[in-house]
Number of protein chains: 2
Amino acid sequence: MNTGSPGMATSKRDHLVDTALALFKEHGFHATGVDRILEASGVARMTLYNNFKSKDELILAALRRQDELFRNELMRQVESREETPLHRLLAIFDVISEGASRPGFCGCTFINACAEYSDLESPAHALAGEHKRLLNAYISELARDAGAEDPERIAQDLSILIDGAMVGAQVTGDAGAVARAKSIAETLLEASLGAPR
Amino acid sequence: MNTGSPGMATSKRDHLVDTALALFKEHGFHATGVDRILEASGVARMTLYNNFKSKDELILAALRRQDELFRNELMRQVESREETPLHRLLAIFDVISEGASRPGFCGCTFINACAEYSDLESPAHALAGEHKRLLNAYISELARDAGAEDPERIAQDLSILIDGAMVGAQVTGDAGAVARAKSIAETLLEASLGAPR
DNA sequence: CCCGGAATAGACTGATCGGTCTAGCGATTT
DNA sequence: AAATCGCTAGACCGATCAGTCTATTCCGGG
């Protein structure tokens, strides 16, 4: 029986999602076979198919987990580091830079998902769009709190910088692009809000 | 016998690369089977394996073709549209915007390749790095001709914007991000070189 | 203590994967 | 006319794919 707290999924299910997410990140979605996930998780085949209708459903669950993990951790870090909305906008790049510097960084999981599922209607691609939209909303909120005239425009601009930074770090294996992106963001915010401090 | 002009590869080989490239762009590398390429190209199985040692080699050939096509077309368009280096830097975004607006646009093929081949040592990933490096060199050259103090920094900044723009267009299916990226580029170039025109 | 649900190992399916091999066709060259 | 070449169709290989089924074991609650 499920002994977890109310609303908490079975431990086996969580473990499956975590393992699958790690493998999907490193090797991609098509290249990661069900057998590999089972071997890495040490879970029986039927346990997977009792918890998920198909591999595709497991992929979606893994993407939802990644969205939750990434956004939660980003907001937590950003808010613990800086107090003012303006500095928090810039702190986003510091958090991402540290993530991109960690060994095993494989770029943005959602960008990678769109690479493998190009169809805009594909559930995986749609989920990636939703993730970017939610991240954009967070940035927009910070920009609004910072007194920006057009927080939506700021959010879109910073989103472009973030995506470009993650791709730059992924392709070169060096997080230097994230630092450059932050510098550009400083220029943009300065132009919109006046010099920070 | 090969009746083409000197240095020209067999027509069948070219056709194979073109077909494979189109399929890789749309469906990805792992998801595109050899059978699909053969069916789409109407070429016999052994013709593929007489021209390429393996599917991996065909993938590399397709990526090399894409690098050649993309950079050649970009430079051709940019140079036919604008005369001054500064305006040419900005024209890059117009050309990319048009590409991203075309139906069937699936993002940057090299970013997508890095998504499927995360290992930095992987030939496909390395080729993507080389492509970005060559594009960066072109931008740097334009920036130098435009009289930039630090053309390398400009090139890296514009590269981040380009990558971010392509990802934005890919995820949302809307080329609006490319226009925003151009606007950011204008701001950056203005700050480095003074107002254009 | 015993029952029921969850998890297990592992055989099994049909399809597809990348890649090899063979036999023959058609045109070109000598 | 014979030999050579690129190309063809299609059988075939072992491996792997996602997914199903069965039979067994484990464990917590009544």
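Remember, it's a predicted structure, so these values are computed and weren't measured experimentally. Below, chains carry the letters A, B, ... as their sequence lines are ordered, and counting in each starts from 1.
The CG atom of A:Leu16 sits 14 Å away from the C1' atom of C:dA6 (whole-angstrom rounding). Per the geometry, CD belonging to B:Glu39 stands 13 Å off P belonging to D:dG10, to the nearest Å. Put simply, CG on A:Asn50 is 10 Å from P on D:dT20, counting in whole angstrom units. Across the protein-nucleic acid pair, B:Asn51 atom CG and D:dC5 atom P stand 16 Å apart, rounded to whole Å. Across the protein-nucleic acid pair, A:Ile37 atom CD1 and D:dC17 atom P stand 10 Å apart, rounded to whole Å. The CD1 atom of B:Ile59 sits 11 Å away from the C1' atom of C:dG18 (whole-angstrom rounding). For the pair A:Leu48 CG and D:dC21 P, the interatomic distance rounds to 16 Å; values are reported in whole Å. Rounded to whole Å, atom P of D:dA11 lies 15 Å from atom CG of B:Leu38.
At the heavy-atom level, A:Asp35 lies under 4.0 Å from the strands shown only through sugar-phosphate atoms.
Looking at every heavy atom in both residues, A:Asp119 comes nearest to A:His125 through O-CB, 3.2 Å. Closest of all the heavy-atom pairs between B:Tyr49 and B:Ser54 is CE2-CA, 4.1 Å. B:Ala155 and B:Asn136 make their closest contact through CB-OD1, 3.3 Å (heavy atoms, listed as atom of the first residue, atom of the second, distance).
Side-chain nitrogen and oxygen atoms of A:Thr47 include at least one within less than 4.0 Å of the OP1 or OP2 phosphate oxygen of C:dT8. Remark: A:Lys53 is not in phosphate contact with D:dG19, judged by side-chain N or O atoms under 4.0 Å from OP1 or OP2. Phosphate proximity of D:dA18 to A:Lys55: present, with a side-chain N or O under 4.0 Å from OP1 or OP2.
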Exercise. Given the rule in the salt bridge (charged side-chain N to carboxylate O under 4.0 Å, His left out) test, do A:Arg88 and A:Asp145 qualify, once you have shown the distances and angles that lead to the verdict?
Worked result: CA-CA 11 Å; A:Arg88 283 178 174 175; A:Asp145 294 347; over 6 Å; no

For this session: Show the numbers, then the answer: is there a side chain to side chain contact (heavy atoms under 4.5 Å, CB included) between B:Leu69 and B:Leu21?
Result: CA-CA 11 Å; B:Leu69 288 175; B:Leu21 176 57; 4.3 Å; yes

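Taking 4.0 Å as the cut-off between side-chain N and carboxylate O, B:Arg76 and B:Glu73 count as a salt-bridged pair. Salt-bridge formation is not detected for the pair A:Arg64/A:Glu57: no Lys NZ or Arg NE/NH1/NH2 atom is positioned less than 4.0 Å from an Asp or Glu carboxylate oxygen. Using a cut-off of 4.0 Å between Lys/Arg side-chain N and Asp/Glu carboxylate O, A:Asp94 and A:Lys182 are scored as salt-bridged.
When the local axes at the two ends of the helix from C:dC1-D:dG30 to C:dT30-D:dA1 are compared, using 5 base pairs at each end, they differ in direction by 10° after rounding to 10°.
Taking the six-membered ring for Trp and the full ring otherwise, the centers of B:Phe70 and B:His131 sit less than 6.0 Å from each other. Checked against a 6.0 Å centroid threshold, the rings of B:His30 and B:Tyr117 count as neighbours.
Against DNA chain C, the stretch residues 18-29 of chain B makes no heavy-atom approach under 4.0 Å.
In this structure, the side chain of B:Ser192 does not engage the main chain of B:Leu189 through any donor-acceptor pair within 3.5 Å. No donor-acceptor pair under 3.5 Å is formed between the side chain of A:Thr32 and the backbone N or O of A:Phe29.
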For this session: Determine, for nucleotides 9-15 of chain C in 5'-to-3' order, which nucleotides have protein heavy atoms under 4.0 Å from the base (write B), from only the sugar-phosphate (write S), or from neither (write -).
Result: BBB----

